[in-house]
Amino acid sequence: LKKSNGDPEANMPDAPKPTQDEIKEEILDVAGKINATGLQMLVIDTENKFVSTGFAEEIARVSGGKYYYLPNAGEAALGAATQNALDSMRNEK
């Protein structure tokens, strides 16, 4: 996010690239902020469990969001899951 927030040093050609751990930490930090604001988050994990890192599930947990596991899902399955989640969130209010 440093680059998107206009940090001049982050935009230098020789600026160090963040590590995977730093990126994960930043994503989880943002997920926690989403949770703190009361926003609702939907995380759809399309990763095959054989190669899955479990990170999508962790993002959902930290954000307080809904987690759907839909490996190899196509457009129709993703659309249906999204609609289902939206309907569920509306009914929880």
Side-chain angles (χ1 to χ4, degrees):
L1 285 176
K2 287 181 180 181
K3 285 188 176 193
S4 64
N5 287 331
D7 181 349
E9 289 185 25
N11 288 314
M12 300 297 288
D14 60 344
K17 303 261 188 256
T19 66
Q20 280 191 327
D21 286 342
E22 289 171 329
I23 292 170
K24 276 180 93 171
E25 183 179 319
E26 187 168 0
I27 290 169
L28 292 176
D29 181 56
V30 170
K33 289 177 181 177
I34 288 169
N35 191 5
T37 64
L39 291 172
Q40 295 178 331
M41 185 163 173
L42 171 63
V43 179
I44 299 177
D45 185 355
T46 59
E47 205 170 38
N48 184 309
K49 282 288 184 200
F50 181 71
V51 295
S52 178
T53 62
F55 190 51
E57 198 166 3
E58 188 175 359
I59 293 168
R61 181 186 55 76
V62 172
S63 70
K66 299 256 184 218
Y67 173 80
Y68 283 82
Y69 175 61
L70 302 171
N72 306 316
E75 280 183 40
L78 290 172
T82 302
Q83 189 61 55
N84 183 22
L86 288 171
D87 292 344
S88 175
M89 290 175 183
R90 286 185 189 117
N91 290 334
E92 289 177 4
K93 288 185 178 181

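Values below: every heavy atom of this structure, side chains too, minus hydrogens, waters and symmetry copies.
- Under the 4.5 Å side-chain criterion, counting only non-hydrogen atoms from C-beta, K66 is in contact with S88.
- The two residues P71 and E47 make their nearest non-hydrogen contact at CB-O, 4.1 Å.
- Nearest heavy-atom pair across E22 and K17 is OE1-O, 4.4 Å.
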Working for side chain to side chain contact (heavy atoms under 4.5 Å, CB included), residues M41 and I59
CA-CA 9 Å; M41 185 163 173; I59 293 168; 3.7 Å; yes
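- A pairwise comparison of heavy atoms in S63 and N35 identifies O-CB, 3.2 Å as the closest pair.
- Screening T82, N84, V43 for a side-chain contact (heavy atoms from CB on, under 4.5 Å) involving Y68 leaves a single residue, N84.
- Here L28 contributes atom CG and I23 contributes atom CD1; the two are 12.0 Å apart, rounded to the nearest 0.5 Å.
- Interatomic distance, OH of Y67 versus CD1 of I44, reported as 11.0 Å (0.5 Å rounding).
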Where do E57 and D45 land on the side chain to side chain contact (heavy atoms under 4.5 Å, CB included) test, with the steps shown first?
CA-CA 8 Å; E57 198 166 3; D45 185 355; 5.5 Å; no
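- The pair D21-K24 does not count as a salt bridge, with every side-chain nitrogen at least 4.0 angstrom from each carboxylate oxygen.
- By the rule that hydrophobic residues join a cluster once side-chain heavy atoms approach within less than 4.5 Å of another member, L78 and L86 end up as members of separate clusters.
- At least one donor-acceptor pair closer than 3.5 Å links the side chain of N91 to the backbone N or O of D87.
- Considering all non-hydrogen atoms of both residues, A81 and L70 come closest at CB-CD1, 3.4 Å.
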